[in-house]
Every structure is written in structure tokens, then in C-alpha cells.
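Both ligands and their constituent atoms are indexed starting at 1 by order of listing.
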Amino acid sequence: MRLRNKLCIGMSLAPTWLSNEGWRAEDSGIEGLYSADFAVDIARRAEAAHMDFVFRPDASALPVPVLEQSFGFSSLDPTLLLAALVRETSKIGLVTTISTTFSHPYTIARQMMSLHWMSRGRAGWNVVTALQGNQNFGLSEMPSSAERYERAEEFVAAAQSLWASFPAEALLVDKAMGRYADTDLIKPANHEGRNFRIAGPLNIPRFPGPRIPLMQAGASAGGVALAGKIADMVFAQTLDMTTALQTRQRLSDAAQAAGRDPASVRLLPGLSLYLGDTRAEARELFLANHQRVDRAQRIDRIRAALGIDLADWPSDRPVTPADLQDGETARNSGHGIILRDLIAREALTVDQLLERPETLASVHWQIIGTVDDAVSTISQWFNAGAIDGFVAVPGGSPRSLDLALEQLLPRLAEAGLFRAAYSGETLAAHLDEA
Ligand SMILES: Cc1cc2nc3c(=O)[nH]c(=O)nc-3n(C[C@H](O)[C@H](O)[C@H](O)COP(=O)(O)O)c2cc1C
């Protein structure tokens with residue numbers, strides 16, 4: 001059973017449609033990657049499609065070898081990039097990513113409230129604990145998952161105390177009386193925890209409107225527990241519907257354990273969209289985009305997902321469900337489930353399996369097909385209660401991005417699954433509408 005009436009949809013500003021081979025196309029626009037222009041263009045078009053928010057993921061380290069072939073994790077600072085969108089848009093939410101492992105709550109509480117003021121209530125914060133980057137912050141190794149989540153929870157609590165320390169009502173701006181603020185209402189934050197000691201108050205008042213919605217991205221028990229306590233949205237990796245249903249249930253349980261309504265934690269998986277005017281065109285786009293993934297890498301992916309090593313198998317040997325019974329290193333991974341379903345459904349040889357898009361699967365839920373295919377799959381997942389929406393991560397080409405923004409979103413609206421116009425002006429209003 002679905003928990004909401006309408007999908008909540010975000011647009012990733014990580015230029016996934018330029019990743020792999022995508023940036024090499026004549027018209028890719030890659031030259032503008034380190035300017036705000038490309039994000040301005042997409043944010044305006046995402047707003048024209050009435051999306052809930054644009055979203056910028058981030059990393060605090062640069063894996064260098066990847067840069068030989070693509071732009072990898074090199075990028076502008078996400079919060080500054082979103083600040084550049086404030087005056088170029090007026091309705092759409094602006095969700096940045098900030099790691100609680102490598103930052104300080106006072107700085108971040110101030111930055112987030114500044115973005116919220118400047119955008120008149122449209123800021124959102126993707127609270128991540130990060131997977132790498134310790135060497136850039138004086139840490140000899142990454143803190144354990146438990147330590148990172150403990151710090152994350154304290155970090156958010158400290159930021160919330162700081163936001164509360166200078167309430168909106170304290171701001172009087174009474175010109176006649178010459179009274180700027182009611183200082184009786186401004187209180188210290190007095191945060192004292194294991195990781196931070198912060199007196200406060202914050203040097204910017206709270207925005208006189210709805211909250212700064214929080215997103216969380218992290219799938220471990222600690223990540224899900226944190227989401228249950230604090231998140232409005234969860235950005236997740238769910239390659240298949242079974243995993244999405246399980247994740248939705250885990251989030252509902254975590255929300256309930258924290259005394260919150262399960263519907264207030266929205267599950268928004270990344271959705272990689274390779275769209276074409278025909279299925280063949282979409283598939284070709286996908287394969288062209290992955291042309292440098294060689295046979296050995298494909299065999300590696302199957303080994304990781306299913307535990308079977310096809311390296312020495314004759315290329316015309318059929319791969320059958322019987323082959324999988326004992327090989328199951330990652331049996332429950334989303335990629336493993338997708339490959340198992342495919343092998344059960346179709347009689348494929350080793351060569352045919354290695355050619356299939358499912359073998360290359362992205363880190364996200366993936367739809368390779370027409371706009372009709374996308375509408376039907378999204379409706380199916382939504383109606384089954386597996387998702388509350390998604391974060392679009394279009395792949396392959398600017399054309400695939402165009403189809404997502406200009407055809408898919410209007411079609412979802414026509415189907416009654418998405419808004420046809422904004423009724424609110426803030427990110428919280430968009431989220432609470434559905
Ligand atoms: C879908 C998804 C997106 C993520 N995006 C980011 C990101 O943009 N920046 C970042 O530093 N970490 C990101 N993370 C990492 C998480 O914040 C977290 O550190 C990591 O997943 C380990 O926690 P876990 O064991 O709970 O999954 C992401 C994780 C997931 C699952």
C-alpha cells in the first residue's frame with residue numbers, strides 16, 4: 001500500500017548524463033562543468049516540470065585514476081552551486097550535501113540557514129556520513145560506522161539547537177521604537193556532547209517559515225535508525241522492487257521506533273533513466289555509454305553479484321538457474337536479484353548475458369526504454385508502496401535528460417501521480433503536499 005497520493009521527485013544535478021562516455025559527445029556541454037550555467041539551465045527546466053527539488057551529491061576526496069576517462073568526483077562545492085540557483089529559480093527546493101564526519105555544526109547551521117533565507121524557505125540538507133576523505137581532514141582512517149552515525153546524530157541535534165537559539169520572533173525590526181531584536185528571546189544553544197561543545201547563539205535568525213527538510217543517505221542499521229529519527233527524505237540505492245519494499249518497511253519501522261509517522265520519511269531511490277524514442281534506441285544509448293566496460297569487468301560484476309565465475313566457461317554455454325544454486329556471495333544484493341530474475345526468465349548463453357544491460361547495472365534502479373516504459377514501471381513501484389518518489393539521475397546523453405524533464409514528468413502528472421502545478425513556495429510545502 002502506498003503511503004502518499006503523489007510522487008515526490010527530485011532532480012540530481014550530478015551530471016550523470018555526461019558520465020562514462022556521455023561527456024565525449026559533440027553537444028555534451030562538458031566544457032561548462034565547473035560553471036554554474038549548466039546547473040541553472042537544469043534547475044529552471046526542473047522547476048518548469050514542477051519537481052520538488054534539485055539535489056547535488058558530493059564527495060570530500062578525489063579518486064584520481066578515474067579522471068583518465070571521466071570527470072569522476074571533481075565538482076564545484078554543492079552548497080555554493082545551489083546558492084547560485086537562488087535568484088535563477090523561485091519555487092524549486094535546493095538540496096545540498098554536507099558530511100557530518102568532516103564539518104562543524106556551527107558553520108553548517110549558519111550556511112544552511114543562510115541558504116534557507118536567501119531562497120525564502122527552499123533549502124534542504126542531505127546529511128551524509130561519507131565513505132572516504134579522512135586523509136583530507138587529519139584522520140588516519142575513516143571512523144567506524146557506529147562512530148560516524150553517533151556523530152551525525154549529535155551534529156544534527158546541535159544544528160537544530162543553533163537554529164532554535166535565535167528564533168524568528170526575536171527579530172522585531174521596529175524602526176519607530178528603534179528596537180531591532182527582542183534579546184530576551186535569543187538564548188544560548190549550550191550544546192555539550194561527546195563530539196561538540198557549542199555555546200551559541202547562532203549569528204543568523206531562524207527563517208520565519210517552515211523547517212529545513214533533511215535528507216539521509218546510508219543503508220546500514222545505523223543509517224536507517226538515523227533516518228527514522230531525523231529524515232524527511234531518504235536517498236537510497238534500490239536496484240529492484242523487492243529491495244525497495246524491504247527498505248520502505250525498514251524505514252517505517254525506524255520512524256515508528258522514533259515516534260514518528262512512517263509517511264513522514266519518504267523513500268526516494270536514485271533512478272537512472274536511459275530514455276529513447278524507441279526501446280532499441282534506449283538500449284543502444286546505454287550500450288554505447290558503457291562501451292569501455294570490457295569483458296573482464298563484466299565477468300567481475302557477475303562474480304560480485306552472483307558468486308559465479310564465468311571466466312572459463314565456453315561463450316555459448318547456457319547460464320541457467322541451476323548454475324546459481326550454490327554460488328551466492330551477494331545473493332541478496334539488488335544486482336544479484338536482478339540477474340537471478342533475468343536468468344530465470346530468459347535462456348541466455350554466457351556471451352548473451354555479458355551483453356545485457358542488466359549485467360552492467362548501475363548503482364541505482366535503472367529504466368532503459370521509452371517514456372511509456374518509465375511511466376509504467378514507476379507507477380507499478382509507487383502503487384505497490386515500494387517508493388514515495390525518486391531522484392532522477394538521467395544517463396547517456398542530453399537527449400535522455402530532455403526526455404526525462406520534458407516528457408516523463410508531464411506524463412506522470414497526466415496520470416495523476418505528480419503535481420501539475422506548484423501550490424506552495426517552500427521545500428517543506430512541496431513535501432507536505434503529497
Ligand atoms: C544512495 C546513497 C548516496 C550517498 N551519497 C553520498 C554523498 O553524496 N556524499 C557522501 O559523502 N556520502 C554519500 N553516501 C554515503 C553515506 O552517507 C554513508 O556514509 C555510507 O553509505 C555508509 O553508511 P551506511 O553503511 O549506512 O550505508 C551515500 C550513500 C548512499 C547509500
Side-chain angles (χ1 to χ4, degrees), residues 8 10-16 19 39 53-63 66 71-82 94-103 108 124-137 139 141-156 214-240 243-244 246-248 250-251 253-254 265-272 330 332-335 361-366 386-393 395:
C8 169
M11 174 73 207
S12 169
L13 286 177
T16 40
S19 57
F53 59 89
V54 285
F55 160 59
R56 192 76 172 88
D58 192 39
S60 303
L62 183 66
V66 182
F71 48 87
F73 283 167
S74 68
S75 77
L76 295 175
D77 178 279
T79 313
L80 291 178
L81 180 64
L82 290 165
L94 307 170
V95 181
T96 185
T97 295
I98 299 171
S99 155
T100 51
T101 305
F102 305 130
S103 325
I108 301 314
W125 172 15
N126 179 29
V127 178
V128 295
T129 64
L131 285 168
Q132 52 187 345
N134 54 293
Q135 70 282 7
N136 296 327
F137 299 90
L139 299 173
E141 54 187 38
M142 278 301 284
S144 69
S145 176
E147 284 167 324
R148 284 184 287 131
Y149 280 110
E150 191 240 26
R151 181 179 160 107
E153 192 175 340
E154 189 189 335
F155 195 116
V156 171
L214 301 180
M215 184 188 262
Q216 188 274 348
S220 62
V224 170
L226 178 68
K229 288 177 192 158
I230 62 139
D232 293 277
M233 301 169 271
V234 171
F235 181 44
Q237 288 167 311
T238 59
L239 275 72
D240 67 289
T243 310
Q246 287 164 353
T247 307
R248 181 57 267 179
R250 289 173 72 208
L251 291 173
D253 293 346
V265 186
R266 297 151 190 82
L267 173 60
L268 312 178
L271 172 54
S272 169
N332 295 320
S333 77
H335 194 197
S362 91
V363 294
H364 290 299
W365 172 22
Q366 193 158 59
I387 54 167
D388 304 292
F390 57 88
V391 176
V393 287

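Heavy atoms of Ala219 approach ligand 1 to within less than 4.0 angstrom. Heavy atoms of Arg148 come nearer than 4.0 angstrom to ligand 1 in at least one pair.
Of all protein heavy atoms, the one closest to atom 31 (C) of ligand 1 is Gln237 OE1, 3.7 Å. The closest protein non-hydrogen atom to atom 9 (N) of ligand 1 is Asp58 O, 2.5 Å. Atom 30 (C) of ligand 1 has as its closest protein heavy atom Ala217 CB, 3.9 Å. Nearest to atom 26 (O) of ligand 1 among the protein's heavy atoms is Ser220 OG, 2.5 Å. Looking at atom 21 (O) of ligand 1, its nearest protein heavy atom turns out to be Gly218 CA, 3.8 Å. Here the protein heavy atom with the shortest distance to atom 20 (C) of ligand 1 is Leu131 CD2, 3.5 Å.
Remark: of the listed residues Val156, Thr100, Ile98, Ile98 is the sole one forming a side chain to side chain contact (heavy atoms under 4.5 Å, CB included) with Ile108.
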Would you sort out whether Val127 and Phe155 count as a side-chain contact (heavy atoms from CB on, under 4.5 Å), showing the intermediate values? CA-CA 10 Å; Val127 178; Phe155 195 116; over 6 Å; no
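Heavy atoms of Val128 found under 4.0 angstrom from ligand 1 belong to the backbone as well as the side chain. Contacts with ligand 1 closer than 4.0 Å are made by no heavy atom of Ser99, backbone or side chain.
Counting heavy atoms of neighbouring residues, nucleotides and ligands inside a 6.0 Å radius, atom CZ of Phe102 exceeds 12 of them.
The closest side-chain heavy-atom distance from Phe55 to Pro78 is not below 4.5 Å. By the 4.5 Å heavy-atom criterion applied to side chains, Ser19 and Phe71 are counted as neighbours.
Residues Arg248 and Asp388 come closest through the heavy atom pair NH1-OD2, 2.6 Å. Nearest approach of Val128 to Ala217, heavy atoms of both residues: CG1-CB, 4.2 Å. Of all non-hydrogen atoms in Ala244 and Ile387, the two that sit nearest each other are CB-CG2, 4.4 Å.
The atoms of ligand 1 that sit less than 4.0 Å from any heavy atom of Tyr149 are 18 (C), 23 (O), 24 (P), 26 (O). The ligand atoms of ligand 1 that sit less than 4.0 angstrom from a heavy atom of Pro57 are 8 (O). Close contacts of ligand 1 with Thr129, meaning ligand atoms under 4.0 Å from a residue heavy atom, involve 17 (O), 18 (C), 19 (O).
For the pair Gln216 (side chain) and Gly223 (backbone), a donor-acceptor distance under 3.5 Å is present.
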